[in-house]
Amino acid sequence: PICVSSERNINSYIAVWSVILAGCIFVPVDFKSSRSRIKSIVDKFGQKVVVGGGLDEALLIDLGLDFIALDAHLSVDKPTEILDEIINVRPSTSPAYIIHTSGSTGIPKGVAVSELNALNYVQWCSKEFTFSNTDVFCAQAPIVFDNSIFDIFNSAKAGAELSVLSEKELRTPFETVSALKKYEASVVFWVPSLLTSIWKMKSLNQSYLNTLRLCIFAGEIMPAETL
């Protein structure tokens, strides 16, 4: 398993695909969470390596973790033959990723999801929602949450664009809607609480999102009045 920093930037997503293409299991970790939570996750694994961008290197060194800062390695090219070889590998029941629970009842528990489970989910989504390479996904969920799997894998399968919303763009409903308009978003998969705040603040009155064709929500109760 390789830990991936959950910083809200494109390098976190590059890190995820780097780990997958290397044939390893990716484990997203929020390094802004408490030290005890971080240690309870990374101490499970014998090889403690972190990959990502915008890493807090001082913290990682203090925790005794090795790391690869992608900010300094993105210029490395790989022959396309290697990628073709990896793409042709059949998925298996081996874990593709491990996402941890909140730990509200004690130590965070790792939930391993197999390659086949992930593939079945993506194939169902693709059939149900008919994504295409003209779509633009706007990622709201950080990669430590399972909702992010929807954005990561479905955008890749469709050959679509994936835009990662920054902390600033999620700060207020108005800034979020402005970001959707800027990126010309066509697909969003968000938690109802964010969609509810956008509705309550009447943020959609400020911008007309004429490119948005799919607004999918899950993970929380959606109030009937919002619908």
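Count residues from 1 along the sequence.
Atoms CD1 and CD, from I216 and E128 in turn, are 9.0 Å apart once rounded to the nearest 0.5 Å.
For the side-chain contact (heavy atoms from CB on, under 4.5 Å) test, residues two or more places apart in sequence or in another chain that qualify with S186 are D135, V136, R213. Residues that satisfy the side-chain contact (heavy atoms from CB on, under 4.5 Å) test with S18, not counting sequence neighbours, are I14. A search for salt bridge (charged side-chain N to carboxylate O under 4.0 Å, His left out) contacts involving K168 returns nothing, not counting sequence neighbours. For S126, the side-chain contact (heavy atoms from CB on, under 4.5 Å) partners two or more places apart in sequence, or in a different chain, are K157. Residues satisfying the side chain to side chain donor-acceptor pair (under 3.5 Å) criterion with K200, sequence neighbours excluded, are absent altogether. When the side-chain contact (heavy atoms from CB on, under 4.5 Å) test is applied to P142, the partners found at least two apart in sequence or on another chain are R8, V144, F145. Not a single side chain to side chain donor-acceptor pair (under 3.5 Å) links S197 to another residue, sequence neighbours left out. Shown here are the side chain to side chain donor-acceptor pair (under 3.5 Å) partners of N210, two or more places apart in sequence or in another chain: there are none. Judged as a salt bridge (charged side-chain N to carboxylate O under 4.0 Å, His left out), and not counting sequence neighbours, E161 has no contacts. With sequence neighbours excluded, no residue forms a salt bridge (charged side-chain N to carboxylate O under 4.0 Å, His left out) with E184.
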Just do the side-chain contact (heavy atoms from CB on, under 4.5 Å) check on F67 and L55 with the steps written out, would you?
CA-CA 9 Å; F67 57 87; L55 300 176; 4.1 Å; yes
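The hydrophobic side chain of W199 is isolated, with no ILVMFWY side chain under 4.5 Å apart from it.
The stretch residues 96-122 participates, sequence neighbours left out, in these ring-ring contact (aromatic ring centres under 6.0 Å, His included) pairs: F26-Y97.
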